[in-house]
Amino acid sequence: LVACGDTEDASLCPSYAAYLSVVQPVLDADPTGATAQAASDAVEDVVGAVRQLREASDGRYAQGVDDLEAVLDDLARTLESVEDEADYATWAPLVDDTIEDAVAAHERLVELIDPACVPDPDNLD
């Protein structure tokens with residue numbers, strides 16, 4: 001569980017934890033076996049978590065959330081333009097730079113929100 005720094009973070013921290021639980025498997029995945037459709041579905045899942053995070057953050061991290069969402073939207077549009085069953089070799093060159101941008105935007109967002117939502121040292125079970 002995540003403990004929040006103050007009461008304003010009460011809704012932010014659970015949404016942030018949910019975002020991290022959706023994005024981490026995507027970051028850890030080996031895309032080489034994925035079709036364009038599978039990659040697109042994964043991106044859409046992350047976009048949904050980002051939008052939930054936007055609602056919970058009440059604008060406090062708007063720039064970071066906006067930046068990540070914009071890059072993810074670009075990535076989703078590119079993947080949607082590729083044939084659903086296209087393999088990694090087909091779609092990877094189209095999205096490599098955008099994926100790097102998305103990872104960088106994710107890292108910036110983590111740097112912004114992590115200080116507000118840190119693990120509770122008394123409740124690490």
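Since this is a predicted model, take the numbers as computed values, not measurements.
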Indicate the atoms forming the closest heavy-atom contact of Y19 with A49, along with that distance.
CA-CB, 3.8 Å

Give, for atom OG1 of T98 and atom CG of D101, the distance between the pair rounded to the nearest 0.5 Å.
6.0 Å

What pair of heavy atoms forms the shortest contact from A116 to C13, and how long is it?
O-SG, 3.7 Å

When every non-hydrogen atom of A36 is compared with those of W91, the smallest separation belongs to N-NE1, 3.4 Å

Assigning hydrophobic clusters by single linkage (Ile, Leu, Val, Met, Phe, Trp, Tyr; side-chain heavy-atom cutoff under 4.5 Å), is L94 placed with V71?
no

When rounded to the nearest 0.5 angstrom, what is the spacing between CZ in R51 and CD in E55?
10.5 Å

Are V47 and V50 side-chain neighbours, meaning at least one heavy-atom pair lies under 4.5 Å?
no

Cluster overlap V110 with V46, hydrophobic side-chain contacts below 4.5 Å:
yes

Strictly distance-based, threshold 3.5 Å: is any side-chain N or O of S40 a donor or acceptor partner for the main-chain N or O of Q37?
no

Smallest heavy-atom separation, S11 atom then S15 atom, equals O-OG, 3.3 Å

If hydrophobic clusters are built from ILVMFWY residues whose side chains come within less than 4.5 Å, do V23 and L68 share one?
yes

With the side chain counted from C-beta on, respond yes when R60 and I113 share a heavy-atom pair under 4.5 Å apart, and no when they do not.
no

Mind listing the closest non-hydrogen atom pair of L72 and V43 along with its distance?
O-CG1, 3.6 Å

Note: T35 and D84 closest approach over all heavy atoms is CB-O, 3.4 Å

Under the 3.5 angstrom rule, does the side chain of S57 hit a backbone N or O of L53 as a donor-acceptor pair?
yes

Would you give the length of the straight line joining atom NE2 of H106 to atom CD of E111, rounded to the nearest 0.5 angstrom?
10.0 Å

Within 6.0 Å of CD in E44, more than 12 heavy atoms from elsewhere:
yes

Hey, what do you get for OH (Y16) to CG (L109), rounding to the nearest 0.5 Å?
6.5 Å

Under the 3.5 angstrom rule, does the side chain of D96 hit a backbone N or O of I99 as a donor-acceptor pair?
no

How far does CG of L112 sit from CD of E107, to the nearest 0.5 angstrom?
12.5 Å

